[in-house]
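One is the number of the first residue; the rest follow in order along the sequence.
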Amino acid sequence: MNTQKSDSLFDEAIRVIPGGVNSPVRAFRSVGGSPVFIKRGEGSKMYDVDGNEFIDYIGSWDPICLDTIPRSSKKRF
């Protein structure tokens, strides 16, 4: 999986956000790896800045935040 752009964005984020992420997992690198930066969502899928595709199995806040809710539901909002 290519994460070159996400890695670069994470390096920038570390300079302005404690731990580089805005979540309870402040020290992301201490748990291994780097976060991916999601660019867009479509249906049950999300795509990061590197073009990688992910399936949203949780569907918690992400569908609302990333505009991945079904088109029929968007009319309600």
Side-chain angles (χ1 to χ4, degrees):
M1 179 168 73
N2 176 24
T3 60
Q4 187 175 6
K5 290 180 183 177
S6 284
D7 292 342
S8 177
L9 288 171
F10 185 46
D11 289 339
E12 287 183 44
I14 288 172
R15 291 193 287 270
V16 295
I17 302 171
V21 294
N22 188 14
S23 77
V25 187
R26 296 286 179 212
F28 201 94
R29 290 194 183 194
S30 70
V31 296
S34 297
V36 294
F37 283 72
I38 302 299
K39 183 176 182 177
R40 66 183 178 91
E42 188 176 308
S44 63
K45 297 183 181 167
M46 298 180 290
Y47 302 86
D48 69 7
V49 295
D50 294 289
N52 299 305
E53 178 182 282
F54 302 90
I55 298 174
D56 181 9
Y57 288 107
I58 298 172
S60 182
W61 290 98
D62 298 336
I64 295 171
C65 296
L66 297 173
D67 196 31
T68 59
I69 56 177
R71 288 181 187 171
S72 59
S73 298
K74 287 181 185 180
K75 293 176 185 177
R76 295 182 202 162
F77 298 99

Check whether any side-chain N or O of Asp50 sits under 3.5 Å from a backbone N or O of Asn52 as a donor-acceptor pair, and report yes or no.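 Here the side-chain-to-backbone pair does not exist.
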
Is the CD atom of Gln4 crowded by more than 12 outside heavy atoms at less than 6.0 Å?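 Counting neighbours around CD of Gln4, 12 or fewer heavy atoms of other residues, nucleotides or ligands fall under 6.0 Å, so no.
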
Pairwise distance CD(Glu53) to CE(Met46) - rounded to 0.5 angstrom: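 So the gap between those two atoms works out to 10.5 Å.
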
Joint cluster assignment, Met1 & Tyr47, ILVMFWY side-chain distance < 4.5 Å: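 No, because Met1 and Tyr47 fall into different hydrophobic clusters, even though each may have its own neighbours under 4.5 Å.
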
What are the two closest non-hydrogen atoms of Phe10 and Phe37, and how far apart are they?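 Smallest interatomic distance, heavy atoms only, reads N-CE1, 3.5 Å.
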
Taking all non-hydrogen atoms of both residues, which atom of Pro35 and which atom of Ser6 are closest, and how far apart?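 Between these two residues, the closest heavy atoms are O-CB, 3.8 Å.
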
Other than Ile55, what residues sit in its cluster of Ile, Leu, Val, Met, Phe, Trp and Tyr side chains whose heavy atoms are under 4.5 Å apart, directly or through others?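 When side chains under 4.5 Å apart are linked, the cluster holding Ile55 also contains Tyr57.
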
What residues form a side-chain hydrogen bond (donor to acceptor under 3.5 Å, both in side chains) with Asn2, not counting sequence neighbours?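 Once residues adjacent in sequence are excluded, Asn2 has no partner under the side-chain hydrogen bond (donor to acceptor under 3.5 Å, both in side chains) criterion.
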
